[in-house]
Amino acid sequence: MAKLNPNLLYLTLLLFSIAVASAHVFFEERFDDGWESRWVKSDWKKDENMAGEWNYTAGKWNGDPNDKGIQTSEDYRFYAISAEFPEFSNKDKTLVFQFNVKHEQKLDCGGGYMKLLSGDVDQKKFGGDTPYSIMFGPDICGYSTKKVHAILNYNNTNHLIKKEVPCETDQLTHVYTFILRPDATYTILIDNVEKQSGSLYSDWDLLPPKKIKDPEAKKPEDWDDKEYIPDPEDKKPEGYDDIPKEIPDPDAKKPDDWDDEEDGEWTAPTIPNPEYKGPWKPKKIKNPNYQGKWKAPMIDNPEFKDDPELYVYPNLKYVGIELWQVKSGTMFDNVLVCDDPEYAKKVAEETWAKHKDAEKASFDEAEKKREEEDTKDEVDSDVEDNDDDGEDDDDAKEKDDREDDSADAKEKDVHDEL
């Protein structure tokens, strides 16, 4: 096995350290002591008693009890919180937006996304109607929606990414990264692994298409678009049309009690003729003159006007979280806005990657304990049911089901508004 050149290794590490050191970090929040002085809790929905409180916690299972984040703590509540950073433009810069999300509540329908906002925002009024520049993160609802949102605001209109990007759906921490480059390309990563990439031009409908089908073009009258044609050499077999559709059933027998004088002359019932193949048609052959399916030629779209600053957000100033949750328990941590994907990767390695194995072990232990408690509760419940007719339990269950259905419907309505 070849030995590593120590000088080359040192040079590689040195260059990496220089690159990371040169990263411009616009905002970084690891939710250590004093985090509340950097974040503003919105009064949105407070007058309606529907504003939820955030818990500062490491969660029920974690890889490090001292590594804390903020977690939604109340069911059936709206949540809105934001932090300000020095205003900047990503013109001629790579923009990296990254954060950790964990759904401890085994989320059925809801989001774990964050927003970047521009300009001046009244943080105490920040809510669902507040305009944003970028919305990014996981979204889960039932069996059909399990994806990563990447919504970009362009000319005061929100545009959803057209590609599907599956998200993680377990109850562990995952790190989501969105990278936007000056060449209008992007990359989405989950847990430092690339999940999707492409261009703003093709993967969002920010601009009209560069090319369109020529509306004036017409298919030529002599255009042959029949891929297969009847074989002119194929001939109908002689006597083909004389084959009857039905024939007398050869297995039918005249009933013993049949009386020709009273019942008339007996005839056997008919059955489909296995020899009958339907109306004759010549077999199909490949058309030697086939020209393919006709398509209108593409021409330059007269409505297209390129925008060399399509990727630019000139006055980014805030990062925010705005959610509605029927079931609380979503946690956010390690929020980062910078211009260097390598630095973002390093942060993910120092935080998520460092603790993920210990967190998984903590989760497995919690699940084992929960399963043991569930088993004990089932045994105790069976004992109680033997002394009860069960009517009260049925009434309580029916009431709970009605409440759950109502809450799920409201959650889906809020989700669908996205």
Side-chain angles (χ1 to χ4, degrees), residues 89-99 109-119 121 127-142 144-167 176-190 194-217 293 295-320 322-323 337 341 412-418:
S89 169
N90 66 319
K91 181 176 170 60
D92 299 326
K93 300 185 186 75
T94 295
L95 175 63
V96 183
F97 186 22
Q98 177 173 286
F99 53 90
C109 187
Y113 30 76
M114 296 189 69
K115 296 177 178 180
L116 288 179
L117 302 93
S118 298
V121 173
D129 295 330
T130 305
Y132 59 85
S133 295
I134 297 174
M135 185 172 112
F136 172 67
D139 183 27
I140 298 170
C141 195
S144 60
T145 301
K146 297 177 181 179
K147 65 183 179 181
V148 177
H149 269 310
I151 304 176
L152 306 180
N153 184 280
Y154 182 74
N155 286 343
N156 298 317
T157 302
N158 294 330
H159 299 267
L160 280 70
I161 188 172
K162 295 189 290 184
K163 287 183 176 178
E164 285 293 321
V165 188
C167 69
Y176 288 81
T177 310
F178 181 69
I179 302 171
L180 180 58
R181 304 180 187 84
D183 63 357
T185 62
Y186 74 95
T187 300
I188 293 173
L189 302 96
I190 303 177
E194 181 178 318
K195 298 297 182 179
Q196 193 56 269
S197 63
S199 168
L200 299 188
Y201 286 96
S202 59
D203 294 349
W204 282 265
D205 290 326
L206 304 180
L207 299 174
K210 290 182 179 181
K211 299 281 187 177
I212 61 171
K213 294 178 180 179
D214 184 355
E216 304 296 326
K293 298 299 180 183
K295 295 179 181 179
M298 304 297 287
I299 62 172
D300 291 335
N301 184 358
E303 295 183 3
F304 174 79
K305 182 180 180 182
D306 195 11
D307 182 358
E309 296 188 356
L310 186 65
Y311 72 96
V312 176
Y313 292 94
N315 54 347
L316 293 168
K317 194 175 180 181
Y318 305 90
V319 61
E322 174 270 308
L323 303 167
V337 183
K412 189 176 187 303
D413 289 343
V414 173
H415 176 271
D416 289 345
E417 288 179 3
L418 294 173

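Source: prediction; values computed, not measured. By convention here, the first residue in the shown sequence is residue 1. Computed from heavy atoms alone, side chains included, the values below leave out hydrogens, waters and symmetry copies.
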Working to the nearest 0.5 Å, report the span between OG of S133 and CD1 of I151.
12.5 Å

Do you know which two heavy atoms are closest between P182 and K93, and how far apart they sit?
CG-O, 3.4 Å

Contacts of type ring pair (Phe, Tyr, Trp, His ring centres under 6.0 Å), residue Y176, not counting sequence neighbours:
none

Taking atom OH of Y201 and atom NZ of K210, what is their separation to the nearest 0.5 Å?
5.5 Å

Determine whether a donor-acceptor pair (N or O, by modelled atom type, separation under 3.5 Å) exists between the side chain of D203 and the backbone of K163.
no

Residue K162 excluded, over 12 heavy atoms near NZ under 6.0 Å
yes

Which distance, rounded to the nearest 0.5 Å, do you find between the CD of Q196 and the CZ of F178?
11.0 Å

Any side-chain heavy-atom pair of D307 and L206 under 4.5 Å:
no

Under 3.5 Å, is there a donor-acceptor pair linking the side chains of T157 and N155?
no

Shortest non-hydrogen separation from F99 to G137 and the atoms involved
CZ-CA, 4.0 Å

When you look at CG of D306, are more than 12 heavy atoms from neighbouring residues, nucleotides or ligands closer to it than 6.0 Å?
yes

With rounding to the nearest 0.5 Å, note down the distance linking CZ in R181 to CG in L200.
10.5 Å

Do you know which two heavy atoms are closest between S118 and L316, and how far apart they sit?
OG-CD2, 3.4 Å

Taking ring pair (Phe, Tyr, Trp, His ring centres under 6.0 Å) as the definition, give me every residue that meets it alongside Y186, ordered by chain and number, with sequence neighbours left out.
W204

Could you grab the distance from atom CG of D205 to atom CG of L160, nearest 0.5 Å is fine?
10.0 Å

Residue pair I140 / C167: nearest heavy atoms and the distance that separates them
CG1-SG, 3.8 Å

Go through the steps to decide whether I212 and F304 satisfy the test side chain to side chain contact (heavy atoms under 4.5 Å, CB included), and finish with yes or no.
CA-CA 10 Å; I212 61 171; F304 174 79; over 6 Å; no

Would you check if V337 and L95 make a side-chain contact, meaning some heavy-atom pair closer than 4.5 Å?
yes

Determine, step by step, whether V165 and K147 satisfy the side chain to side chain contact (heavy atoms under 4.5 Å, CB included) criterion, reporting the C-alpha distance in whole Å, the side-chain angles of both residues, the deciding distance to 0.1 Å, and the verdict.
CA-CA 5 Å; V165 188; K147 65 183 179 181; 5.7 Å; no

Keeping the roles fixed (side chain from Y311, backbone from D92), state whether a donor-acceptor pair exists under 3.5 Å.
yes

Residue pair K211, I299: steps toward the side chain to side chain contact (heavy atoms under 4.5 Å, CB included) verdict:
CA-CA 5 Å; K211 299 281 187 177; I299 62 172; over 6 Å; no

Could you please spell out the steps behind the side chain to side chain contact (heavy atoms under 4.5 Å, CB included) verdict for L116 and F136?
CA-CA 9 Å; L116 288 179; F136 172 67; over 6 Å; no

Shortest non-hydrogen contact from Y154 toward L207:
OH-CD2, 3.5 Å

Under 3.5 Å, is there a donor-acceptor pair linking the side chains of N153 and Y313?
no

To the nearest 0.5 Å, what is the distance between CG (L180) and OG1 (T185)?
7.5 Å

Nearest heavy-atom pair of P208 and E303: which atoms, and what distance?
CG-O, 3.7 Å

Taken in chain and number order and not counting sequence neighbours, the residues that satisfy side chain to side chain contact (heavy atoms under 4.5 Å, CB included) with S89 are K91, V312, P314

